[in-house]
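Step one of this worksheet: look at the structure below.
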Amino acid sequence: MEKRTIVTMPGDGIGKPVLEQTIRVLNAAGFEANYVHADIGWEFWCKEGNPLPDRTISLLQEHKIGLFGAITSKPKDKAAAELAPELQGKGIQYYSPIVAMRQHFDLDICMRPCKTFKGNPLNFVRRGANSIEEPLVDVMIFRQNTEGLYGGVEWTNPSDQVYDALMTHPKFKENFAWCPKPDLAVSTRIFTRKYTTRIVREAFEYAKSRGFDKVTVCEKPNVIRETSGMMLKIAQEMAKADYPGIWVEDVNIDAMMMWLTKNPENYHVIVAGNMFGDIVSDGFAGLVGGLGFACSANIGPEVAVFEPTHGSAPKYADYPVSIVNPCAMVLSAVMMLEHLGEFAMADKIRTAVAKVIEEGKVKAYDMMKLKGTPDVINNGAASSIQMADAIIAKL
Ligand code: NAI
Ligand code: MG
């Protein structure tokens, strides 16, 4: 097998230990790769005024596949204050390196699977008539990753040109003309037909390949008529034209957050815009174990980056022994293997993770429902290393 090169971006805080343990698991599973380190995150904002240095972009451009841990980001004023003294006062603005990476490489397809692992003490339980039930959740969320409310097209105190354009809309004129410009903040929600079609197509292809007969569009077309409406209409037309036997279910994002606590087993393929996809995937992730298990893929036409959905958890970053659960990062690497066509290896690792969880002998602190203090290790919780050891033993 040809050796691949994977760009590793640990980033900040717990990004480092979870990525380190994940590479151990990949090695133990027999994945042959060269890993090249790339800089990203807070440290590079502070030192260089750029949390996503050009050299990192070049490495991703060259090698196409990235494994990313997590980054720390902070509000505007803190970001400015922590910038190296020689860079201060030059008007350098902080931006999220993840959002920038997604936009730069057009990583428009975000996939977030949420699946119940048998025996996980964090699985969602529901009160039945006479019993406690544990619904089996198995859902893949397709989130549009580059547009919508996170597209970054926004203003406070908009320019005359922008303001005049807004004033051409009767609703703006009627309801917001009273507001002085300096007190006006506007964030746009842009959907394009091209990228909406791409994410919806991915959802249908996935449904077809897994034999699911339904794709759920999780938006709010009754209120957000133009953007949500466009996604729903594209899905309905696509179903009719290309996917006989798959129907389109239209569920509003607010109702979805209620339904997922009542009957999460009814959903298997969900497609949504950027922000609603973010929300609904966190909701489902909570049902199947929370941040320690939530993995994701960001896929573009050329480059793909795999990452846990959790952040850098700075309060745990400096513990002498890392206590965080590496499963989310390991499962993100499993998605990478699937993307690379290494299905057998992906299966092997996922099965090993499942066995460790089902056996229940080795549990990270979150699986013991402990508060994440350094002494969880003395109370029987597995460290990040011990979790990886257990997975490796099952391989
Ligand atoms: P977070 O995801 O870092 O942590 C929230 C809490 O979840 C932690 O305190 C911990 O209790 C738990 N947790 C997270 N990962 C875990 C794991 N692997 N195992 C066990 N428990 C885990 O979110 P928070 O605290 O809101 O943000 C911290 C920093 O991370 C901020 O600077 C934020 O901007 C950044 N962030 C970065 C993201 C990314 O890199 N993709 C995503 C979310 C936040
Ligand atoms: Mg999120």
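No hydrogens, no waters, no symmetry mates; every other heavy atom, side chains included, goes into these values. As the structure lists them, so they are numbered: ligands from 1, and atoms in each ligand from 1.
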Discussion item. How close do Gly151 and Gln103 get, counting heavy atoms only, and between which atoms?
Written reply: O-NE2, 3.4 Å
Item to complete: State whether Phe276 and Arg189 meet the cation-pi test: NZ (Lys) or CZ (Arg) under 6.0 Å from the six-membered ring centroid, and within 45° of the perpendicular axis.
Response: yes
Worksheet item: Is any N or O atom of Tyr316, backbone or side chain, closer than 3.5 Å to an N or O atom of ligand 1?
Response: yes
Worksheet entry | Contact atoms of ligand 1, heavy-atom distance to Asn325 under 4.0 Å | 17 (C), 18 (N), 19 (N), 20 (C)
Worksheet item: What about the rings of Phe68 and Phe306, do their centers lie closer together than 6.0 Å?
Response: no
Practice prompt. Only heavy atoms count here, so choose which of Ser96, Pro314, Ala70, Ala317 is nearest to atom 28 (C) of ligand 1.
Written response: Pro314
Worksheet item: Any idea which of Asp278, Ile98, Asp282, Asp366 brings a heavy atom closest to atom 41 (N) of ligand 1?
Response: Ile98
Discussion item. For a quick check under 3.5 Å, do Glu307 and Asn298 share a side-chain donor-acceptor pair by atom type?
Written reply: yes
Worksheet entry | Under 4.0 Å to a heavy atom of Ser312 - the qualifying atoms of ligand 1, by number | 3 (O), 29 (C), 30 (O)
Worksheet, complete the sentence: Near Lys315 (heavy-atom distance under 4.0 Å), the atoms of ligand 1 are 9 (O)
Response to the item:
Counting from 1 in the order shown, the ligand 1 atoms closer than 4.0 Å to a non-hydrogen atom of Ile14 are 15 (N)
Fill in: From Ala313, Gly372, Cys327 - option closest to atom 4 (O) of ligand 1 by heavy atom
Ala313
Discussion item. Is it the case that ligand 1 has an N or O less than 3.5 angstrom from some N or O of Thr72?
Written reply: no
Worksheet item: Aromatic rings Tyr267 and Phe284: how do their planes relate, parallel, tilted or perpendicular, breaks at 30° and 60°?
Response: perpendicular
Practice prompt. Give the numbers and elements of all ligand 1 atoms closer than 4.0 Å to a heavy atom of Val324.
Written response: 17 (C), 18 (N), 19 (N)
Fill in: Centroid separation Trp45 to Tyr95 less than 6.0 Å
no
Worksheet item: Ile141 and Val200: same hydrophobic cluster, using ILVMFWY side-chain contacts below 4.5 Å?
Response: no
Item to complete: For Glu307, counting its heavy atoms only, list the atoms of ligand 1 lying under 4.0 Å from any of them.
Response: 41 (N)
Worksheet item: Is the closest heavy atom of Trp42 to ligand 1 under 4.0 Å?
Response: no
Worksheet entry | Element-labelled atoms of ligand 1 that are located less than 4.0 Å from some non-hydrogen atom of Thr309 | 42 (C)
Discussion item. Ile65 and side-chain contact (heavy atoms from CB on, under 4.5 Å): which single residue from Ile6, Thr5, Val7 fits?
Written reply: Ile6
Discussion item. Less than 6.0 angstrom separating the ring centers of Tyr365 and Tyr316, yes or no?
Written reply: yes
